[in-house]
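Throughout, protein chains are lettered first and strands after them, A, B, ... in sequence-line order, and every chain is numbered starting at 1.
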Amino acid sequence: MGMRPNVLLDKCNWSLLRIFRVIVQEGSLNKAAIKLFLTQSAISQSLKRLEEQIGETLIIRTGGKFYLTATGEIVFEASMMIYSQLMDYEERLNTEKNSLSGTIKLLVLSRIESTRYDQLLHDFHQKYPLVDFQVDVLKSKEIQQLLLQKIPALGIGINQSQHSKLKYQTLINQKYALFCSDKHSLYTKMFKVLNKLKVMDLFLFRVSN
DNA sequence: GCTAGTATCTCAATCTTGTC
DNA sequence: GACAAGATTGAGATACTAGC
C-alpha cells in the first residue's frame with residue numbers, strides 16, 4: 001500500500017490555486033475570467049491543470065449546475081487560508097514600508113508665517129508619524145552654510161544668491177514694506193521709483209545675511 | 001549564447017445545456 | 001428546433017528556465 005503523495009505541497013503552484021479560489025468565489029468560469037482579466041479558455045485550462053496535478057476532480061460542472069467535490073472543498077479551504085496568510089504578510093510589508101522613523105533637522109528663519117509651510121509639516125507628519133522634526137532658528141547665511149556641510153536635511157531661508165551645490169525651491173512669496181512715522185517727510189507719500197529712496201536717510205536691514 | 005522543455009496565455013472552433 | 005451562454009479543446013505564440 002503506497003502513500004498518497006503531497007500533491008498540494010509538492011505539485012501545486014499558487015497561480016492555479018488563486019484561479020481556483022476565484023472560480024469558486026464567483027461560481028462560474030466565465031465570471032472568474034472577467035474578474036482575473038483572462039479568457040474563459042485560460043481559466044478552464046488552469047482548472048484542468050490543477051485537477052490533473054491533484055489527480056481528482058475538484059468541481060462538478062454539468063450545465064448550469066456548479067458544485068465542489070469533497071476534495072474541491074478541501075483545496076478551496078486551503079487556497080483561502082493561503083490567501084488570508086498572504087494578505088496578512090502584504091499588510092505587514094506595507095506597514096514596514098510606511099514606518100519611516102527618525103529625526104529630521106530643519107533649519108529655518110524666525111517668524112515663518114505661511115499656510116503652505118504649515119500644510120507641508122502637517123502632511124508630512126500624517127504620512128510619517130514616527131518622524132520627528134528638530135527645528136533650529138538661524139540666519140539665512142548660516143542655514144546655507146550648514147546645508148553645504150550636509151548637516152540638516154532641509155533649510156528654509158531667504159536667499160538673494162543661489163549656491164550651485166544646493167537645490168532651491170520657492171516655498172513662500174513674501175511682501176516687504178517701508179514703514180515711517182507720521183513725523184517723517186515720506187509719510188503718506190507714494191513712490192513709484194525706488195531710486196529716489198536711495199538718496200534719503202533710512203534704517204536698513206539685510207534679510208539674508 | 002543556443003536549444004529544448006515547460007507553463008501559460010489567446011484565438012477560433014466546437015460542445016453542452018438551458019430556455020423559449 | 002433555434003438560439004444564447006458557458007465550458008472545453010486544439011493550435012499556435014510567448015516567456016521563462018535549465019542544461020549544454
Side-chain angles (χ1 to χ4, degrees), chain A residues 1-106 116 119-133 147-155 162 164-171:
Chain A
M1 185 176 160
M3 283 186 66
R4 189 178 182 277
N6 296 321
V7 287
L8 280 177
L9 284 172
D10 299 339
K11 295 184 178 178
C12 287
N13 64 42
W14 167 241
S15 177
L16 295 181
L17 282 176
R18 172 174 158 267
I19 290 172
F20 176 69
R21 177 180 59 80
V22 177
I23 291 171
V24 177
Q25 285 178 328
E26 295 297 317
S28 150
L29 274 72
N30 187 39
K31 287 178 184 171
I34 294 166
K35 182 114 179 175
L36 293 168
F37 302 106
L38 294 172
T39 59
Q40 198 175 321
S41 172
I43 299 295
S44 176
Q45 287 176 50
S46 295
L47 177 58
K48 193 180 173 185
R49 278 199 307 278
L50 184 64
E51 288 181 327
E52 282 172 0
Q53 288 176 1
I54 290 172
E56 291 186 41
T57 303
L58 302 177
I59 296 174
I60 305 291
R61 301 88 100 175
T62 51
K65 293 175 184 174
F66 178 101
Y67 54 91
L68 292 173
T69 62
T71 307
E73 294 275 3
I74 293 167
V75 174
F76 177 63
E77 196 177 323
S79 71
M80 286 300 288
M81 285 184 70
I82 294 167
Y83 176 72
S84 174
Q85 282 285 317
L86 287 174
M87 286 297 285
D88 284 348
Y89 286 125
E90 194 80 35
E91 204 168 305
R92 279 172 57 188
L93 281 172
N94 287 333
T95 306
E96 287 285 320
K97 214 180 286 178
N98 293 330
S99 65
L100 189 67
S101 64
T103 301
I104 293 179
K105 196 174 176 72
L106 180 60
R116 192 181 171 195
Q119 191 66 44
L120 177 76
L121 295 180
H122 173 268
D123 292 347
F124 193 91
H125 179 67
Q126 288 287 315
K127 193 171 181 180
Y128 305 105
L130 300 178
V131 176
D132 295 325
F133 279 108
L147 281 169
L148 284 166
Q149 292 168 28
K150 297 180 181 175
I151 291 175
L154 188 66
Q162 297 193 348
S164 61
K165 290 184 178 177
L166 295 177
K167 186 178 179 182
Y168 296 85
Q169 191 171 347
T170 304
L171 180 67

Exercise. Could you check how far CG of L38(A) sits from P of dA7(C), rounded to whole Å?
Key: 14 Å
Quiz item: Under the 3.5 Å rule, do the base of dT8(B) and the side chain of S46(A) count as making a donor-acceptor pair?
Solution: no
Quiz item: Does the side chain of R49(A) come under 3.5 Å of the side chain of S46(A) through a donor N or O and an acceptor N or O?
Solution: yes
Quiz item: What distance separates I34(A) CD1 from S28(A) OG, expressed to the nearest 0.5 Å?
Solution: 7.5 Å
Quiz item: Within the side chain of Q40(A), is there an N or O that forms a donor-acceptor pair under 3.5 Å with the backbone of N30(A)?
Solution: no
Quiz item: Has R49(A) got a side-chain N or O lying under 4.0 Å from the OP1 or OP2 atom of dT8(C)?
Solution: no
Quiz item: In Å, rounded to the nearest 0.5 Å, how long is the span from CG of L68(A) to CD of E77(A)?
Solution: 11.5 Å
Exercise. Strictly below 4.0 Å, heavy-atom distances to any atom of DNA chain C: list the hits from residues 27-37 of chain A, or just say none.
Key: S28(A), L29(A), N30(A)
Quiz item: Nearest-Å distance, CD1 (I59(A)) to P (dT16(B))?
Solution: 20 Å
Practice problem: Can you tell me the distance, in whole Å, between the CD1 atom of I19(A) and the C1' atom of dA7(C)? | Solution: 15 Å
Exercise. Output the single nucleotide from dG6(C), dT10(B), dT9(C) whose closest atom is nearest the side chain of Q40(A).
Key: dG6(C)
Self-check item: Distance, rounded to the nearest Å, where L47(A) contributes CG and dT9(C) contributes P
Solution: 11 Å
Practice problem: Go through the N and O atoms of the side chain of S41(A) and the base of dC11(B), and report whether any donor-acceptor pair is under 3.5 Å. | Solution: yes
Quiz item: dT9(C) P sits how many Å from Q45(A) CD, rounded?
Solution: 9 Å
Quiz item: Between dT6(B) atom P and E52(A) atom CD, what is the distance in whole Å?
Solution: 14 Å
Exercise. Give me the one residue out of V22(A), V24(A), L16(A) that meets side-chain contact (heavy atoms from CB on, under 4.5 Å) with F20(A).
Key: V24(A)
Quiz item: Taking atom CD1 of I43(A) and atom CG of L38(A), what is their separation to the nearest 0.5 Å?
Solution: 4.5 Å
Quiz prompt | Euclidean distance, M87(A) CE relative to S84(A) OG, rounded to 0.5 Å | solution = 8.5 Å
Exercise. Rounding to 10 degrees, work out the angle separating the end axes of the helix from dG1(B)-dC20(C) to dC20(B)-dG1(C) (five pairs an end).
Key: 10°
I'd like a table of atom pairs between the protein and nucleotides 15-18 of chain C - only N or O on both sides, under 3.5 Å - with the distance next to each one.
none

Quiz item: Whole Å only: how far is the CD1 atom of I23(A) from the C1' atom of dA7(C)?
Solution: 11 Å
Practice problem: Nearest 0.5 Å please: distance from the OG1 atom of T69(A) over to the CD1 atom of I59(A). | Solution: 8.0 Å
Exercise. Can you see which heavy atom on L36(A) is nearest to which on R18(A), and at what distance?
Key: CD2-NH2, 3.5 Å
Quiz item: What distance separates I19(A) CD1 from S44(A) OG, expressed to the nearest 0.5 Å?
Solution: 11.0 Å
Quiz item: Is there a side-chain polar atom (N or O) of K48(A) under 4.0 Å from OP1 or OP2 of dT9(C)?
Solution: yes
Quiz item: Is any side-chain heavy atom of T57(A) closer than 4.5 Å to a side-chain heavy atom of T71(A)?
Solution: no
